[in-house]
Amino acid sequence: MSCEIFGPREKNRERMAPKNSTTAEAENTYLTKTSTNGRNTERPPLQIVWLNVYLITALHGMALYGLYILPRTKPWTWVWMGVCFILGGAGITIGAHRLWSHRSFKATWSLRLFLMLMNCMSAQNDIFEWVRDHRVHHKYSETDADPHNAKRGFFFSHVGWLMVRKHPDVRTKGKQIDMSDLYADNIVMFQRRHYKPLTIIFNIILPTLVPWYFWNEALWNSFFVCFAFRYAYLLNVTWSVNSFAHIWGSRPYDEAISPSQNLVANLGTLGEGYHNFHHCFPQDYATSELGTYINLSKFFIDCFALVGLAYDLKTTSKEAVLQRRRRTGDLRNQKH
């Protein structure tokens, strides 16, 4: 999962106009020996983005303070923090990921608007940029073009990729990704034009002011708990899919790829850790063959479908899953 959120947003304004390909953003370089063409080549040295380093460090410092004062806050503040975490997470897992990145289901205008606003609460870059990076990640997973290449190690795939400029391959391959569906989506493009004020409102102001206004929580407590701690926790569980679920875990569907079924990522994200399945069947709206067991996003999508807000839910047949396991997964050595 992509979430480049800190530092100067080096936007090229020409990307706002429809075109056949998108322009990647300013661009991390790091040393690695694996290129997208499979050849071993020397890479440019790391170029650290110090502003991002300072902002990420400061956020986590504030989050630790928020955790420290958490026991002093009122019970309803705990509840509100949890609600903001789930809503912001839905903006990523249901919105940017399953709906806009993979088109695994369709949504009405009202649901798309809601998911766009909740995506602003997560503050992990606008939908357009998140989707572009995620599509590149799937197409070039664990190569130089993967924004958070897990072959660079745990720290890099978890958060380090946000602290350095992108590898040139990320920029090159990003330009080749078809983003015409996002250009045609008025809600996505509206968010892109107004992303900064929307994010300030939904990620900082709203989570902070609600406890202060409705149950007289101290504004200081509300800021550090409902903004800083909640935001940092959401970021880290999102990042865990890029790190934990690309390094450790089982690979029952394809043993040759890095994405894995990882319990830590699954518990933290409430259902996004079935990553070996997801990389084998990215269009499946459930991202898992295990139903709603620890899969909150699937549960919500099913609820939306019941009331007509979501439709055309894409699934993978059990036969297709079994065939994949026999071909590349844990059943390939069994007689059948």
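Predicted model only: the values in this text are computed from it and were never measured. Hydrogens, waters and symmetry mates play no part in the numbers below; they use all other heavy atoms, side chains included.
With hydrogens and angles ignored, the 3.5 Å screen pairs no side-chain donor or acceptor of S222 with any backbone N or O of L219. Judged by distance alone, with hydrogens and angles left aside, the side-chain atoms of R98 form a donor-acceptor pair with the main-chain N or O of Y285 at under 3.5 Å. Checked by atom type and distance alone, the side chain of W80 pairs as donor or acceptor with a backbone atom of P207 at under 3.5 Å. Formation of a donor-acceptor pair under 3.5 Å by the R192 side chain with backbone atoms of Y183 is not found in this model. No donor-acceptor pair under 3.5 Å is formed between the side chain of Q261 and the backbone N or O of S250. For the pair Q283 (side chain) and T315 (backbone), a donor-acceptor distance under 3.5 Å is absent. Using a distance-only test at 3.5 Å, with no hydrogens or angles considered, no donor-acceptor pair links the side chain of W248 to the main chain of S260. With K74 contributing its side chain and N216 its backbone, the two residues share a donor-acceptor pair below 3.5 Å. Distance alone, capped at 3.5 Å, places no donor-acceptor pair between the K173 side chain and the Y140 backbone. Looking only at distances, no side-chain donor or acceptor of E142 sits under 3.5 Å from a matching main-chain atom of S258.
No side-chain heavy atom of Y274 sits less than 4.5 Å from a side-chain heavy atom of Y253. Counting heavy atoms from C-beta on, the side chains of F229 and I69 never come closer than 4.5 Å. With a 4.5 Å cut-off on side-chain heavy atoms, V225 and E217 do not count as touching. When side chains are defined from C-beta on, L235 does not count as touching I56, because their heavy atoms never get closer than 4.5 Å.
One side chain, N236 or H60, offers a donor N or O that lies under 3.5 Å from an acceptor on the other. Counting only N and O atoms by type, the side chains of Y195 and E129 include no donor and acceptor under 3.5 Å apart. Side chain to side chain, S101 and W130 fail the donor-acceptor criterion of an N or O pair below 3.5 Å.
When every heavy atom of N119 is checked against every heavy atom of N125, the shortest pair comes out as OD1-O, 3.7 Å. Taking both residues in full, the closest heavy atoms of F128 and M189 are given as CD1-SD, 4.2 Å, listed atom of the first, atom of the second, then distance. Residues S122 and G88 approach most closely at CB-O, 3.3 Å, considering heavy atoms.
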Working note: T328 + R332, criterion side-chain hydrogen bond (donor to acceptor under 3.5 Å, both in side chains); need CA distance, chi angles, decisive distance, verdict.
CA-CA 6 Å; T328 62; R332 62 181 178 173; over 6 Å; no
Checking salt bridge (charged side-chain N to carboxylate O under 4.0 Å, His left out) for the pair R103/D178: CA distance, chi angles, key distance, verdict?
CA-CA 13 Å; R103 297 306 205 186; D178 182 9; over 6 Å; no
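Partner of N242 under the side-chain contact (heavy atoms from CB on, under 4.5 Å) criterion, out of F156, W161, F154: W161 alone.
In this structure, R135 pairs ionically with D181, as a charged nitrogen and a carboxylate oxygen lie closer than 4.0 Å.
Hydrophobic clustering of Ile, Leu, Val, Met, Phe, Trp and Tyr side chains at less than 4.5 Å, counting indirect connections, keeps V159 apart from L64. I257 and F277 fall into different hydrophobic clusters, where Ile, Leu, Val, Met, Phe, Trp and Tyr residues are linked whenever their side-chain heavy atoms come under 4.5 Å apart, directly or through other members.
Here CG of L182 is found 10.5 Å from CZ of R132. Values are rounded to the nearest 0.5 Å.
Taking the six-membered ring for Trp and thresholds of 30 and 60 degrees, H278 and H138 have ring planes more than 60 degrees apart, a perpendicular arrangement.
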